[in-house]
Each structure stands twice: as C-alpha cells, then as structure tokens.
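Presented below is the structure to which this report refers.
Atoms considered below: every heavy atom in the structure, side chains included; atoms not considered: hydrogens, waters and symmetry mates.
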Amino acid sequence: MRYTYHTKGTCSVTISFDIDDDVITNVSFVGGCPGNLQAVSRLVDGMTVSQIEDKLKGIQCGVRGTSCPDQLASAVREAYNIEKGIN
C-alpha cells in the first residue's frame, strides 16, 4: 500500500512510502533538506515499522520539538495502524 503523510512542524511537507505488512520501502520526502532526506530514505529502506521508530522517534530539529526523521517514525506507525485496522 502506498501511503502519504502530511508532516507537522517540519520543512518537509509530505512523506510518501510503500508499506507491506510492516516493511517500509520507497520513502520520499517533499521539501526539507534534500541530501539528508535522501540519506534517511535509503537507510530505512526495507526496515520494519518498529526498527524505524526505534532509530528515529524523538529526534528533534532545533527547537521545533520534532524533525523530518521523527515525522517519518510517526508516519510509518500511522500507516501500519491503518493497514491493520488499529485505532
């Protein structure tokens, strides 16, 4: 399933990715720091939702209280919950 997440509090505006059961592939960001986000996308390719959360959840960018990687962690969890019918 292809999923698009609208970020909150970051320079990137959306994150799109494929989720198959709990494996994430083909991550792409719109907006943000292109080089860093291409690296993040490649590094998480093939990881599970839990692995991504463990690595990225809670990372902050300055005083924003979140970051593009933190938003990715939220996005993959949200997509997983929707795919599994978990509220």
Using atom types as modelled, flag every donor-acceptor pair under 3.5 Å from a side chain in residues 59-74 to any protein atom, sequence neighbours excluded.
residue, atom, partner, partner atom, Å
T66, OG1, D70, OD2, 2.6
T66, OG1, Q71, NE2, 3.1
S67, OG, I59, O, 2.8
S67, OG, D70, N, 3.1
D70, OD1, G58, N, 2.7
Q71, OE1, K8, N, 2.9
S74, OG, D70, O, 3.4

Can you run down the ring pair (Phe, Tyr, Trp, His ring centres under 6.0 Å) pairs that involve [range], sequence neighbours left out, and say none if there aren't any?
range          : value
residues 9-36  : Y3-F17
residues 64-87 : none
residues 34-72 : none

side-chain hydrogen bond (donor to acceptor under 3.5 Å, both in side chains) involving [X] - partner list, sequence neighbours excluded:
X   : result
T48 : Q51
T14 : none
S16 : T4

Tell me which pairs pass salt bridge (Lys or Arg N to Asp or Glu O under 4.0 Å) where either residue lies in residues 44-58, with sequence neighbours left out.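 Found E53-R77.
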Enumerate the salt bridge (Lys or Arg N to Asp or Glu O under 4.0 Å) contacts for residues 12-36, please, sequence neighbours excluded, ordered by first and then second residue.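 The answer is R2-D18, D21-K84.
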Would M47 end up clustered with M1 when hydrophobic side chains under 4.5 Å apart are linked, directly or stepwise?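 Yes, same cluster.
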Are V49 and I82 in one and the same hydrophobic cluster, where Ile, Leu, Val, Met, Phe, Trp and Tyr link if side-chain heavy atoms are under 4.5 Å apart?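 Cluster IDs for V49 and I82 match.
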Would you indicate whether the side-chain heavy atoms of T7 and I15 approach each other to under 4.5 Å?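 Yes, their side chains come closer than 4.5 Å.
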Determine all donor-acceptor pairs shorter than 3.5 Å in which one atom belongs to a side chain in residues 30-44; sequence neighbours excluded.
residue, atom, partner, partner atom, Å
S41, OG, V27, O, 3.2
S41, OG, L37, O, 2.8

According to ring-ring contact (aromatic ring centres under 6.0 Å, His included), who are the partners of Y5, at least two apart in sequence or on a separate chain?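 In terms of ring-ring contact (aromatic ring centres under 6.0 Å, His included), with neighbours along the sequence ignored, Y5 is linked to no residue.
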